[in-house]
Amino acid sequence: MTTENVTLPGHDLHGGGAPAPPHRISQGMLVMILFLGSEAMLFASFFTAYFMIRFNIAANDWPPIRNTATGARFVLPKGITAVNTVFLVSSSFTLWWGEHRFKKGDRKSLERGLLVTIFLGLTFLVIQLNEYAHLGFTPQNKAFGSVFYSLTGLHGFHVLVGLILLTICYVRTRRARDFTPTRATVLGAASLYWHFVDVVWVILFLLVYLL
Amino acid sequence: MATHAPTHAHTDHGHGPGHHAPARPLSYWWKRAFVAVVTGVLFALGLVWFCRWAFGFTPLWEPQAYFTAIFIFAGIGFLIGIGCFDWWWDYLRGHRVSYEDHSMHGATSWKDYCRPNTDHKVIGIQYLVVTFATFVIAGLFAEAVRIQLAQPGEQFVNAQTYNGLFSEHATLMIFGFVIPVFAGLANYVLPIMIGAKDMAFPRLNALSFWLLVVGAVLLVLAPAFGAFSSGWTAYPPLALQGTTGTTMFEIAVQFVGASSIATALNFMVTIVTMRAPGMTVWRMPLLVWANMTTSALVVFGTPFIAGSQFMSLYDRVLGTSFFNAANGGDVVMYQHVFWFYSHPAVYIMMLPGFGIASEVIATFSRKPIFGYRAIAFSTVAIAILGFGVWAHHMFVSGMASWIRIPMMMTTIVIAIPTGIKIFSWLGTMWGGKIHLKTPMLFAMGFIVAFTVGGLSGVFLGSVPVDINVHSTYFIVAHIHYVLFGGSVMTIFAGTYYWFPKMTGRMYNETLGKWHFWLTFVGLNLTFFPMHWLGTQGMPRRVSDYAPRFANVNFFISMASILMVLGTIVFFYNMITSWHSGPRAPWNPWRGRTMEWLVSSPPSLFNFDAVPQVVGGPYQYGIPGARHAIVFAGPELGGGELTETEKRLILVVADQAVASQVLIDDVRKRNAEGFWRFTFVVPSTTTDHRAAERRLQVALAVLAESGIDANGTVIDAPPMQAIDKVMREENVHEIILTTFPVGSSPWLDQDLVDRARKATRVAVTHVTIRPNDARGAVDSKSVQRVAIVANVDIDNAGLAALVQARSDTQPLTAVVLCPLSLDGPGWSDEAEEIRTEASGRTATLIARLQEAGIQSRGEVIDGTPADAVRLARTAHHANVVLIASRPGDPITETDEITAAARGMSVEYVTTDGQASTAPGAAEGR
């Protein structure tokens, strides 16, 4: 295995594993940052759809759905979603806390932080699904319904992926114990993804629910 | 192949499958893939049925919903089954995994190409094979379109099928060929170019390729499930009316898009983090710049086409209303979202081609690239501007009219960075020594065709023109000039350029040239008349047309056959050359970038030790300039790794063969590359000894400098002599040495141009003045013989003596004629004696020159001892020959011995016969 004895700077052949030199960003983090740029553009395409559909409709007629019984203009459930937002945002902080403790060598706190984060994320998803069930309109109702469900659904899917990533991190922490305070690229990338999902939600909440 | 390094991929030194899992047969993976696909289909059926049942949807059987899920899960199932996720599956279960798991790295037989492989070189070949297969299928669709259009009337297929034909053609070409083939080429060469052992994420790289396979298969199979017939742009509401074929298109685009995003992420991280020491951004080859920029476009652009196809799919399958105007949907929104990707996509399809063109043109012009930074910056500028021009595809779509003018401006502005590139390439070729090899022909053809396409692009960028010709064949002409004349020509250039590197074999140059000319002529005859058709109003995407266009369309259909023939030649050439072409050297083109500094094909991990970049990549013709140094692995001592097989330069010269100017030129050439030289002295006289003597001097001097040179005298006129060597050897370049115009019979025969035309290799013309040719060369290995003689210096016997001597050892001669005048040196008598002596000296010199011995001389006032001293001090002679007539010998004196100071002195006597003046040397 002559080749493997020669360590090239940054030449971690199969990614994610080797520690980056202190001055340099690791390959895993870099690819996650770029990937999140790509993800941001995916959300941007749906936000584009959202705004183009919204601008076709008079401002006082948005959302273009009326209560079939009373004829009153439909209002998105801002209160419960705001609470849900608090859950999701706080999950970013619990994750940050776990990572922060782990950097000081506290593996147990990382496990706890991950568990709490996963729990908060699941709570968010459940509340969101509950909201879907009680909204009273479907993706088939008007373009508004289509774009509302696809935006929130796309985000929900990302939350699910984030939860899977965090679960993998939890499994790796518990079973493989392969993260060390200086070498935890996968953990860092997963947590970056989770923070991104949170930020997207905050933007989505502001633009779709509040604006 | 003569190498002194175990560098071939197949000489596996311990990296092979082993420490992770036992090697499994190929059938294992494909059986697994089959089972997984079936499982995926069943899972999809069950999932959709369950969901529809659970949510109470009626009817339970809604084909598009099932097909959508089937294609998605069959695709994912295939990826799992073929083994793309095996490593990650172990990882996410918390198993111990090796980050340096090379169990799927490298190929020892064709079977290793048929399953996931983490070696970027294998993946590159996989990409090329799959994408060129797609190219053939897409090309057949194009020919079907041309058959339909050869005559007016629906004579071959109906309108619906015709729509399917051109939609499939465009989709396969764009998503199945042009975009991924660039990823394939770059996959192979880019990591080597930056001195890396592999891509940053080899397993992701393998996944990218197999995602492409899934997408390509879906696209190819789509016609079997009902034509996908809304054009490659798949505009709603047309696309919403499509059948299963359209569903497959929309899902295939997601797979292909995921593939290109993953590859682009991989490229970006590789380029940012894995460049060899010393490779600053300004030392990156321009292909690396191009791929970095393209990758950024892919990463930030592709999600938009994903979004647009998601929405389209939701509308078709889930019944949403994104594009249903009756429900508040917006069809123009589709076009905005779609083109926000698909305009940058035309740069995704072009920028890597620009990178290939930069590599090829610099290498084959033997000149540093003109405006390196200008090309690099204009690449970035095109990418940035490319995001701001999408709506120029929508001038007639009914979008908000205020967008038109800004989009027109940005569109036309893009011509500036593009023009910078075109002129930089022209500047590179200007005054360069152009080698018209196949890659260079394609690169030059690309410049011509792309300029035509770029100019019609500027026309189309202006709103009024576009409104007139938007739905006509003018667009078809434009898109084919930029995509076929632009992208595909560079793809061919790159394929030929790196073919020796990838396969270790040379392609057939003659067939390559046939391919080029068939393609280039066919391209112009096919697509240029379409401009006219467009301006005359022939609509595009219609299966029938007005009878007045019949002749031109028939002509176009016939011309397109030329391209088919060219493509057949291409594939024949590629397949036969790959199978049994001559072995390729490491660096057949004398390129400077790092892929040429390793073997062909490169070793398993490209470099056995970290290479060091020491300069720019295009410093052709700059003495001593180097781009990088590649080292051998520790087991070979870690010294610099070089190729031992040298390429041949043919040097043709007659009397100037031993001149200092030519020798310096050869030395310079030798310093800048890895060459050997064959000297050819064409001689038509009966006695070749003169030519041989000159040749021996030249070879002795070059041997002293450590230059690998040999030579022969060929008894033939120059053209025949060149022809003879060309037939026997693989000559890379010819250096033709002549006297200046007027004194050179070779130039009178127009030899330089004739040689260029007849041989098709680069010919360098070196002009040497006759006096320079006759002067002595400065070298230790050529003996300098000083000839000291007085009365009989013009004696033929003396000349013969020196000639005989020169046959045993290369020498140059200095003729010194000492005159010991008793009286005053200014008297008429003395003047007469001196003139006579000069004449005799000149006779000897001419005699020696004619015999091929470089010589010069002078008449000096003084004794033979003075002459000997002068020979030692001023002329640095090695040997002094003191000649005298038998009756009046100059004998050894203490004076002469003292003057010689250890230099060997020989005394010869001549036979005293009367001399005859030699004829004037024929000047060449």
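In this text the structure is predicted, and so the values were computed from the model without any measurement. So you know, we letter chains A, B, ... as the sequences are listed, proteins then strands, and number each from 1.
Contact of Ala40(A) with chain B is not made at all, since no heavy-atom distance falls under 4.5 Å. In this structure, chain A has a heavy atom under 4.5 Å from the side chain of Ile261(B), while its backbone stays farther away. Contacts of Tyr91(B) with chain A are made by both backbone and side-chain atoms, with heavy-atom separations under 4.5 Å.
For the atom pair OG1 (Thr320(B)) and NZ (Lys142(A)), the distance works out to 14.5 Å, reported to the nearest 0.5 Å. Here the CE-CG distance, from Met333(B) to Asn56(A), works out to 9.0 Å after rounding to the nearest 0.5 Å. We find the CD-CE distance between Gln27(A) and Met199(B) to be 11.0 Å, quoted to the nearest 0.5 Å. The OG atom of Ser146(A) sits 6.5 Å away from atom CG of Asp315(B), with the distance rounded to the nearest 0.5 Å. The distance from the CD1 atom of Ile305(B) to the CE atom of Met41(A) is 13.5 Å, given to the nearest 0.5 Å. The structure places CZ of Phe300(B) at 12.0 Å from CD of Glu39(A), a figure rounded to the nearest 0.5 Å.
Of all heavy-atom pairs between Asp330(B) and Met52(A), the closest is OD2-O, 3.9 Å. Nearest heavy atoms, Ser321(B) versus Ala143(A): O-CB, 3.4 Å.
In this structure a side-chain-to-backbone donor-acceptor pair under 3.5 Å is present from Arg172(A) to His95(B). When atom types are taken as modelled, the side chain of Gln140(A) and the backbone of Leu318(B) share a donor-acceptor pair closer than 3.5 angstrom.
Looking at heavy atoms from C-beta onward, Val171(A) lies out of side-chain contact with Arg93(B) at the 4.5 angstrom threshold. Put simply, the side chain of Pro303(B) does not reach to within 4.5 Å of the side chain of Ser45(A), judged on heavy atoms. Side-chain atoms of Phe304(B) and Leu42(A), non-hydrogen and from C-beta on, never get closer than 4.5 Å to each other. A heavy-atom distance below 4.5 Å is not found between the side chains of Pro139(A) and Tyr314(B). With contacts defined as side-chain heavy-atom distances shorter than 4.5 Å, the pair Phe35(A)/Val299(B) does not qualify.
Contact count against chain B (heavy-atom pairs under 4.5 Å) is highest for Val31(A) among Val31(A), Thr138(A), Leu154(A).
Within 6.0 Å of CH2 in Trp88(B) there are more than 12 heavy atoms belonging to other residues, nucleotides or ligands. Surrounding CZ of Phe119(A) are at most 12 heavy atoms belonging to other residues, nucleotides or ligands under 6.0 Å away.
In this structure, Phe322(B) and Phe46(A) have perpendicular ring planes: the angle between them is above 60°, well past the 30° mark.
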